[in-house]
*Asks:* 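Submitted below is the structure of interest, expressed as structure tokens.
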Amino acid sequence: MITREQIDTVLDHPVHDARGEKIGDARHVFFDDVTGEPEWVSVRTGLFGTSESFVPIHDAALVEDHLEVPYAKDQVKDAPNVDIDAGGHLSEQEEQRLYQYYGIDWDASWQDAHSGTGRATGTTGTTGTTGAGDDAMTRSEEEMHVGVERREAGRARLRKYVVTEEQQYTVPVRHEEVRVEREPITDTNRDRAMTGPDITEAEHDVTLYEEQAVVETRAVPKERVRLTTEEVTEEETVTGEVRKERIETEETDEHGDQRRRH
């Protein structure tokens with residue numbers, strides 16, 4: 001059984017099934033609200049850890065750097081999907097579904113003891129995020145009116161294009177190699193060794209397996225980009241000519257001379 005002190009060793013470490021085959025990596029450990037003991041572990045499965053499955057941790061064991069659970073890999077991957085509330089709890093109904101799936105008795109006394117409460121509290125290792133995007137762009141432009149003149153000041157365009165970058169990731173892959181084992185004849189295996197003809201020809205085939213790295217790309221929204229306009233006010237000095245009317249009077253003296261008065 002896994003203790004609370006071993007949780008740090010479990011989180012983000014591999015989880016293997018009963019045959020020693022890796023299922024995925026441990027993401028959360030859930031504790032019983034009453035006993036405070038570890039009860040469930042969630043395992044990231046699928047390509048690039050895109051799925052998460054729950055498996056009982058009561059009968060699990062730490063073996064070197066990984067956790068081993070007494071269930072088959074396919075059984076864990078096909079476990080019912082459950083929703084975890086914001087407080088990191090499994091509801092009584094969700095946990096009952098998991099117990100039934102793994103063939104564990106759902107004792108009536110446990111139901112009474114935990115009625116109306118969350119059965120398990122989670123401890124997490126890592127988290128993730130998601131986003132959303134549009135498939136259309138809209139560009140708008142304001143036109144400023146200066147005096148009595150109306151004209152277009154310019155245009156702007158939002159353009160999206162695709163660039164290709166090369167990325168490298170190193171992933172461990174395993175393969176099988178042939179190893180010849182020789183066993184001396186002893187009293188223990190002598191009977192099996194002496195069966196059959198003394199001299200004969202025979203062949204025995206062994207199938208070798210290897211892992212290959214698989215690459216998958218997914219479009220993930222990163223940001224939204226838009227063009228906006230803002231109004232800027234500037235002072236401009238205008239020079240022009242204006243005309244004014246003037247009035248003057250003309251007077252004539254006794255000598256016939258004229259005088260002008262403005």
Side-chain angles (χ1 to χ4, degrees), residues 7-8 10-15 22-30 40-55 66 73 76-91 93-94 97-98 118 120-174 211-239:
I7 298 305
D8 290 340
V10 173
L11 289 176
D12 294 323
H13 282 72
V15 178
K22 181 179 178 180
I23 304 173
D25 293 324
R27 179 175 175 82
H28 304 84
V29 173
F30 288 77
W40 298 94
V41 61
S42 65
V43 184
R44 287 175 295 195
T45 61
L47 188 61
F48 301 114
T50 54
S51 301
E52 191 170 353
S53 301
F54 282 74
V55 60
H66 65 271
K73 178 178 180 179
V76 175
K77 294 178 64 176
D78 295 336
N81 293 326
V82 297
D83 294 326
I84 307 172
D85 61 26
H89 281 73
L90 286 177
S91 68
Q93 292 77 17
E94 298 288 8
R97 288 176 55 205
L98 290 171
T121 304
T123 298
T124 182
T126 56
T127 58
T129 59
T130 57
D134 298 332
D135 57 357
M137 296 181 293
T138 301
R139 186 189 69 84
S140 300
E141 180 180 320
E142 294 181 349
E143 295 182 351
M144 298 179 60
H145 294 267
V146 181
V148 296
E149 182 183 6
R150 180 182 179 183
R151 65 186 181 88
E152 186 178 281
R155 290 181 177 272
R157 176 180 292 109
L158 187 64
R159 184 169 64 92
K160 181 169 65 174
Y161 60 96
V162 177
V163 296
T164 301
E165 297 180 350
E166 184 176 287
Q167 295 183 346
Q168 292 184 347
Y169 292 90
T170 301
V171 295
V173 293
R174 298 178 300 180
E211 295 178 340
Q212 293 183 341
V214 180
V215 178
E216 178 190 52
T217 60
R218 289 179 293 173
V220 179
K222 294 297 184 180
E223 64 178 350
R224 289 174 58 84
V225 181
R226 65 170 58 87
L227 290 178
T228 61
T229 60
E230 60 179 4
E231 186 175 299
V232 179
T233 302
E234 297 179 347
E235 292 185 355
E236 182 177 345
T237 301
V238 179
T239 302

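Sequence positions, counted from 1, serve as the residue numbers for this chain.
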*Asks:* Identify the two heavy atoms, one from Pro14 and one from Asp25, that lie closest to each other, and give their separation to 0.1 Å.
*Replies:*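 What the structure gives for the nearest pair is CA-OD1, 3.5 Å.
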*Asks:* For Leu158 versus Val225, what's the shortest heavy-atom pair and its separation?
*Replies:* CD2-O, 3.4 Å
*Asks:* Is there a donor-acceptor pair closer than 3.5 Å between any side-chain N or O of Ser53 and the backbone N or O of Val76?
*Replies:*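 It does hold such a pair.
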*Asks:* Would you say Arg97's side chain and Asn81's backbone share a donor-acceptor pair under 3.5 angstrom?
*Replies:* yes
*Asks:* Rounded at 0.5 Å granularity, tell me how far CG in Asp12 sits from NE2 in His28.
*Replies:* 9.5 Å
*Asks:* Which pair of non-hydrogen atoms, one from Trp40 and one from Leu98, has the smallest distance, and what is that distance?
*Replies:* CH2-CB, 3.4 Å
*Asks:* Would you name the heavy atoms of Ser42 and Glu52 that are closest together and state the gap between them?
*Replies:*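 Heavy atoms only, the tightest pair is OG-OE2, 2.7 Å.
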*Asks:* Please report the shortest heavy-atom distance between Ala79 and Phe54, naming the atom on each side.
*Replies:* CB-O, 3.8 Å
*Asks:* Grab the two heavy atoms, one from Val171 and one from Ala213, that are nearest each other, plus how far apart they are.
*Replies:* CG2-CB, 3.8 Å
